[in-house]
There are 2 protein chains.
Amino acid sequence: MPTPERTSLPDIVRVAGELLESEGLQGLTMQAVAERVGVRAPSLYKRLRNREELLALVQDAAVQDLGMRLDAVVREPDQDPRCALGELARTARQFAHERPAGFRLIFAPGAEGRLNPSSLAAASASVVRVAGQLAGDQHALEAARTVTAWINGFVSMELAGAFHLGGDVNQAFEFGIARLTEAIARPGE
Amino acid sequence: MPTPERTSLPDIVRVAGELLESEGLQGLTMQAVAERVGVRAPSLYKRLRNREELLALVQDAAVQDLGMRLDAVVREPDQDPRCALGELARTARQFAHERPAGFRLIFAPGAEGRLNPSSLAAASASVVRVAGQLAGDQHALEAARTVTAWINGFVSMELAGAFHLGGDVNQAFEFGIARLTEAIARPGE
DNA sequence: ACCTGAACACCGTTCAAGT
DNA sequence: ACCTGAACACCGTTCAAGT
């Protein structure tokens, strides 16, 4: 005899994402998620295998959200690639400030590499495109990796409080953007 | 009536660090540590407050170890600052390959910023010095942060498997070093 | 077909009792 | 002074029983 569904997988993932931000990774328990979607913990296992899979889904949702924001930046008409690169970096940083736990889940995952490759590729497309405009298509991937690594590292350290000892963090970010942009741009561009 | 000590705090921290690498963060349980040092779990609480404090001690030990390795690089006589910066970067990356879990604990800590400021300062001293030689003393801190952020970001992504899709990772690392070095060096130097 | 209570293994932590 | 077993609260997960 069928029972009406009281929740759904998207519902669960959304609630888990909210819980991640409000309570932290260790506050994201199966019981807390279950309570907020209106079922008991065992029912969650009808829709996902275990907590690890739930974390992977939350991570993937965050990657897709970030990717969409970056896409929107690049979609602006007639942009200078230098400006676009700066805007991409600032957008990623802003995302990290709004959803620090989600950002950490993307860029500092646990032991195993979850991270859906297709979502990752979609999220990096904008950066690769702009990096290619600056560095030339042959170096697009390397240049994009250099920039992505720097953004990730800078923001991770910022979130970890490693920059709390003196100096203007915004200024350091702009310094890094400017230097990085010149570093990857080929002389002609 | 005194009981002989069967372990010590340095012992506990060392074992916890080994366990972190071999079993991962979630394998680093109080019970596993206790078993390996030869006591029962409750005895650990005579020497530390809780698991979080143990993690902080393991993290600090890793920071100090990394800092000593970086110091050793800079201690080499009459070096070109460009070469020194590259060697610092490669040394940090090698540390991450040898002790990936320890590296992650340093650069991608949990929610709260533990991280002992004085250990952190000691570990960054070498990078700040070389960065200052390249960028000038006024920009030493910003330049060091730019480089540190990039190294952290690059290696974190490498450990997370984000680079597994094509391209030579070593080559990308050298590409990044070269570009970063030129990016922070002032024209004269 | 989905939901539930009960149960199990495991973990961090506390505490009274041992020596 | 340090160590221990017992206990508590909590968590992830399984499963038989409900509808």
Side-chain angles (χ1 to χ4, degrees), chain A residues 1-61 101 104-105 109-114, chain B residues 1-61 101 104-105 109-114:
Chain A
M1 225 46 116
T3 313
E5 306 190 352
R6 302 189 191 170
T7 183
S8 68
L9 190 55
D11 217 30
I12 291 169
V13 174
R14 182 180 49 76
V15 163
E18 294 168 4
L19 212 43
L20 174 68
E21 296 301 335
S22 64
E23 306 298 325
L25 188 57
Q26 80 166 340
L28 174 44
T29 68
M30 300 300 272
Q31 325 221 12
V33 172
E35 185 180 6
R36 296 205 183 192
V37 300
V39 298
R40 303 286 177 170
S43 299
L44 298 178
Y45 294 83
K46 288 289 162 184
R47 307 184 201 273
L48 32 86
R49 207 165 6 192
N50 49 34
R51 181 174 182 267
E52 196 180 341
E53 184 171 297
L54 177 56
L55 286 179
L57 291 169
V58 171
Q59 183 196 38
D60 198 60
R104 267 192 292 254
L105 198 60
E112 358 64 33
R114 322 174 202 114
Chain B
M1 226 45 120
T3 313
E5 307 191 351
R6 301 187 191 171
T7 184
S8 67
L9 189 56
D11 218 31
I12 292 169
V13 174
R14 183 181 48 77
V15 163
E18 293 168 5
L19 211 44
L20 175 68
E21 295 301 336
S22 63
E23 307 298 326
L25 187 57
Q26 80 166 342
L28 174 44
T29 68
M30 300 300 272
Q31 325 222 11
V33 171
E35 185 180 5
R36 297 206 182 191
V37 299
V39 298
R40 304 285 179 171
S43 298
L44 298 177
Y45 293 84
K46 288 288 162 184
R47 307 184 200 274
L48 33 85
R49 207 163 9 192
N50 49 34
R51 182 174 182 266
E52 195 180 342
E53 184 171 299
L54 177 56
L55 287 179
L57 291 169
V58 171
Q59 184 197 37
D60 198 60
R104 266 192 292 255
L105 198 60
E112 358 63 32
R114 321 172 204 116

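Given the structure is predicted, the values throughout are model-derived calculations rather than measurements. Just so it is clear, the values below take in all heavy atoms, side chains as well, and ignore hydrogens, waters and symmetry mates. By convention in this document, chain letters (A, B, ...) are assigned in the order of the sequence lines, proteins followed by strands, and residues within each chain are numbered from 1.
- The distance from the CZ atom of A:R47 to the CD atom of A:E53 is 13.0 Å, given to the nearest 0.5 Å.
- The listed nucleotides are C:dC3, C:dG5, C:dT13; the one nearest the side chain of B:A41 is C:dT13.
- Note that the CG atom of A:L57 and the CD atom of A:Q59 stand 9.5 Å from one another [nearest 0.5 Å].
- Contact annotation: A:R47 side-chain N/O to C:dC2 OP1/OP2 distance is not under 4.0 Å.
- Between the CG atom of A:L9 and the P atom of C:dC3 there is a distance of 12 Å, rounded to whole Å.
- Distance CD (A:Q26) to P (D:dC11): 10 Å, rounded to an integer number of Å.
- Between B:Y45 and A:K46, it is A:K46 whose nearest contact on DNA chain C lies nearer the 5' terminus.
- Residue B:R6 has its side chain nearest to D:dT4 when only D:dG12, D:dT4, C:dG5 are considered.
- Taking 4.0 angstrom as the limit, A:R40 places none of its side-chain polar atoms (N or O) nearer than this to OP1 or OP2 of C:dC3.
- As rounded to whole Å, 13 Å separates atom C1' of D:dC10 from atom CZ of A:R51.
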Report all side-chain donor-acceptor pairs from residues 9-19 of chain B shorter than 3.5 Å, counting only partners two or more places apart or in another chain.
residue	atom	partner	partner atom	Å
B:D11	OD1	B:R14	NH2	2.6
B:D11	OD2	B:T7	OG1	3.4
B:R14	NH1	B:E18	OE2	3.2

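- In this entry the distance linking CG of B:N50 with C1' of C:dC11 reads 14 Å, nearest Å.
- Residue A:Q31 contributes atom CD, which lies 13 Å from atom P of C:dT4 at whole-angstrom precision.
- Atom P of nucleotide C:dC10 and atom CD of B:E35 are separated by 13 Å, given to the nearest angstrom.
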Q: Give DNA chain C the dot-bracket treatment, 5' to 3': Watson-Crick (N1-N3 with N6-O4 or O6-N4) or G-U (N1-O2, O6-N3) under 3.5 Å, [ ] crossing, | other strand.
A: ||.|||||...|||||.||
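- OP1 or OP2 of D:dT19 has not a single side-chain nitrogen or oxygen of A:T3 nearer than 4.0 Å.
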Give the table of side-chain donor-acceptor pairs shorter than 3.5 Å for residues 28-37 of chain B, with sequence neighbours excluded, one pair per line with atom names and distance.
residue	atom	partner	partner atom	Å
B:T29	OG1	B:A32	N	3.0

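- Residue B:R49 has no polar side-chain atom (N or O) positioned under 4.0 Å from OP1 or OP2 of C:dG12.
- For the pair A:L54 CG and D:dC11 C1', the computed distance is 14 Å after rounding to whole Å.
- Within the nucleic acid shown, A:S43 comes within 4.0 Å of at least one base atom, counting heavy atoms only.
- Atom CG of A:L44 and atom C1' of D:dT14 are 14 Å apart (whole Å).
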